[in-house]
Structure formats: C-alpha cells, structure tokens
Engineer: 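Before I ask anything, here is the structure I am working with.
Since the structure is predicted, the reported quantities are computational estimates derived from the model, not experimental observations. Both ligands and their constituent atoms are indexed starting at 1 by order of listing.
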Amino acid sequence: MRALMGRFSKMHGLGNDFVVIDARDGAVDMTQARAQAIADRHAGIGCDQLILIGRSDRADVSMRIFNSDGGEVEACGNATRCVPLFVGRDVLIETKAGLLDAKGVDGGASVDMGAPRLEWDAIPLAYAMDTLAMPVSWEDLPAPAAVNVGNPHVIFFCDDLGAVDIERLGPMIETDPLFPARVNVNFAQVVGDNHIRLIVWERGAGLTRACGTGACATAVAAVRRKLVSGPTRVTLPGGDLVIDWTPGGHILMTGPATHVFDGEADWARF
Ligand SMILES: N[C@@H](CCC[C@H](N)C(=O)O)C(=O)O
C-alpha cells in the first residue's frame, strides 16, 4: 500500500469537533468508507464531521462536509465558523448549500448562512404540509416546525427539555419516512427573552455538543412562531451562539471557533 501522507487540523465549534483537511494542493480521494474510518473515535482520529477544504472557481475556498457515518452533507454551521481560522483570513466559502461569507471576530466568526427555505418540498418532506406547525406528532411531542438552512431540520419546542428522551426519539425521528433525506432533530425550550436552550440529535452523527445549523433553524422557527424577536441567544450543551434573522432576510450566526492541534496522517491507512 503506497502512503498518502497529509496534514490535518483538529478544530471545534462549541465542542462539535472536526478533522479539517487541506485538499487545496492535492486531491484527497474521500470516500464514504474513508470518512467514516477517520471519524471513528476508537480506531480513527475521531470527530463529529470531517471537513475537506479545497480550491474553488467561485469563492476563496470550497468546503465539503462528511458526517461521522461517512455521508456527505450540504451544511455545517460550526465548521463554517472554523474556516476563517483555518485559512487565516475572512473567506467566501463554496458549499453544497451555496456561497457563505465567513468573517473572523474575536475568538470565533460571524457567518452569513443565507436565507432559510421553508417550503415543504425544500425541507424536504415526503408530502405537502404546513412547515410552521406540522400536523404530526411523535409520542407526546406535537406539531414541530421544519426549516432548511442548507440542510434539513425539524424543531420541537418543549416545555421541559429534561423530560425528553432524546437518545430514543432522535434516531426514530431522524429516519422517519416523512423525511426522505433524513433530518437533524432539534429539541428546544424557550428559557427567557430571546434565549433558547437547544439539544440536537444530528443526522449521521447523533448527539453532539452543538449544532450551528440547528441553532439557525431553531431561531428561524422561533421567530416565525413569535417566540423570540431580534438577535437570539441559543444555549447548547457546548456553549452559546447568537443567531439573528428577520423574515425575508439572511441568517447571521456568531460564535466561537477553536483550533486544538495539527497532525499528520497516512490517508491510505483509512
Ligand atoms: N454540526 C453541524 C451540522 C453537520 C451536518 C448535519 N449533521 C447534517 O447531516 O445535515 C452544524 O454545526 O451545523
């Protein structure tokens, strides 16, 4: 087996952790099996998402995102905040979800995450329905909202987050046939003025300490339901993000980004 040595950085946004590979100077042939093996916390390097930074004709860099199950997806809010730190300057990033403008701020970054999609077929859902209060329920969790912020999210506003069995309900809802592309499952509780607590069961990664796109989707749903107005603090297990969205506009996400260490690996081993 010929060695395929390459450098990577371990980074995280609020504890949602990434192996970030610079593929600008040479293509790393990333397959689903290889991404899954690298993300493995016991036999690999370990991460929630694997991020490939590449060249782009349309932006400063491109970003490809792989969940820890190896599946390639469109968007990752926390990883997007890490890109200015990885590249060393403010950047326009080409993703499967569109072009995202990421600017470094003290300790992190602010990202224009674009406009949310709210139509049922853009989520996507299996059939037409209202996405603000979906006429469906799972056990005693009724009428969630659905929002696409590049990737698909369903949001349950709960009275008591502590009473929800997220590890049982999360995978059940993630793989429900109502969501043909599967879904990220957000469990939210409004805990104060413009302040939401949020726990996310991520599609293809399970429970993570934070989900940036989940925070964006939840803030959008909360504005639509008039539960919040203006910049909203979203408290995840790993810490806080501030999400600002007004109807018709783009979502602005601001929060931390952290570089942990750099390493070198032989990708041919994975
Ligand atoms: N952790 C991310 C989201 C990663 C992708 C997601 N699991 C999906 O499958 O869409 C974030 O910070 O947004």
Engineer: Only heavy atoms of Ala75, strictly under 4.0 Å: list the atoms of ligand 1 that pass.
Structural biologist: 3 (C), 4 (C), 5 (C)
Engineer: Contact between Phe156 and Val164 at the side-chain level, heavy atoms closer than 4.5 Å - yes or no?
Structural biologist: no
Engineer: Under 4.0 Å from any heavy atom of Thr213, which atoms of ligand 1 are there?
Structural biologist: 3 (C), 11 (C), 12 (O), 13 (O)
Engineer: Within less than 4.0 angstrom of ligand 1, does Asn16 place any heavy atom?
Structural biologist: yes
Engineer: For Val73, which part has a heavy atom under 4.0 Å from ligand 1: side chain, backbone, both, or neither?
Structural biologist: side chain
Engineer: For ligand 1, which part of Gln49 has a heavy atom less than 4.0 Å away: the side chain, the backbone, both, or neither?
Structural biologist: side chain
Engineer: Per the side chain to side chain contact (heavy atoms under 4.5 Å, CB included) rule, which among Asp90, Thr254, Val242 passes with Ser110?
Structural biologist: Thr254
Engineer: Does the pair Arg7/Asp22 count as a salt bridge with the N-to-O cut at 4.0 Å?
Structural biologist: no
Engineer: Please confirm whether the backbone N or O of Gly249 pairs with a side-chain atom of Thr246, one donor and one acceptor, at under 3.5 Å?
Structural biologist: no
Engineer: What is the closest protein heavy atom to atom 12 (O) of ligand 1, and at what distance does it sit?
Structural biologist: Gly212 N, 2.7 Å
Engineer: Determine whether any heavy atom of Gly204 lies closer than 4.0 Å to an atom of ligand 1.
Structural biologist: no
Engineer: Starting from atom 6 (C) of ligand 1, what is the nearest protein heavy atom, named by residue and atom, and what distance separates them?
Structural biologist: Asn184 OD1, 3.3 Å
Engineer: Before signing off on this row, confirm whether Cys211 and ligand 1 have an N or O atom pair separated by under 3.5 Å.
Structural biologist: no
Engineer: For the backbone of Pro256 and the side chain of Arg81, can you confirm whether one donor and one acceptor N or O come within less than 3.5 Å of each other?
Structural biologist: yes
Engineer: So that I can tick it off, tell me whether Arg233 and Asp193 are bridged by a salt bridge, with the cut-off set at under 4.0 angstrom between side-chain N and carboxylate O.
Structural biologist: no
Engineer: Identify the closest protein heavy atom to atom 3 (C) of ligand 1: which residue and atom is it, and at what distance?
Structural biologist: Glu202 OE1, 3.5 Å
Engineer: Counting neighbours of CZ on Arg55 that are heavy atoms of other residues, nucleotides or ligands and sit closer than 6.0 Å, is the number greater than 12?
Structural biologist: no
Engineer: Mind listing the side-chain donor-acceptor pairs of residues 91-103 below 3.5 Å, one per line with the distance, residues two or more places apart or on another chain?
Structural biologist:
unit_1 : atom_1 : unit_2 : atom_2 : d
Glu94  : OE1    : Ser56  : OG     : 2.5
Thr95  : OG1    : Ala97  : N      : 3.0
Thr95  : OG1    : Gly98  : N      : 3.2
Thr95  : OG1    : Gly98  : O      : 2.7
Asp101 : OD2    : Lys103 : NZ     : 3.2

Engineer: With heavy atoms only and a cut-off of under 4.0 Å, state how Pro152 meets ligand 1: side chain, backbone, both or neither.
Structural biologist: neither
Engineer: Under 4.0 Å from any heavy atom of Asn67, which atoms of ligand 1 are there?
Structural biologist: 4 (C), 5 (C), 6 (C), 7 (N), 8 (C), 9 (O)
Engineer: Report the part of Asn78 (side chain from C-beta onward, or backbone N, CA, C, O) that has a heavy atom under 4.0 Å from ligand 1; answer both or neither where that applies.
Structural biologist: both
Engineer: So, does Asn67 use its side chain to make a donor-acceptor pair with the main chain of Asp69 at under 3.5 Å?
Structural biologist: no
Engineer: At what distance is the nearest protein heavy atom to atom 2 (C) of ligand 1, and which residue and atom is it?
Structural biologist: Cys76 SG, 3.1 Å
Engineer: Taking only Lys NZ, Arg NE, NH1 and NH2, and the carboxylate oxygens of Asp or Glu, determine whether Glu139 and Arg168 approach each other closer than 4.0 Å.
Structural biologist: yes
Engineer: State if Ala215 counts as touching ligand 1 under the rule of any non-hydrogen atom under 4.0 Å.
Structural biologist: no
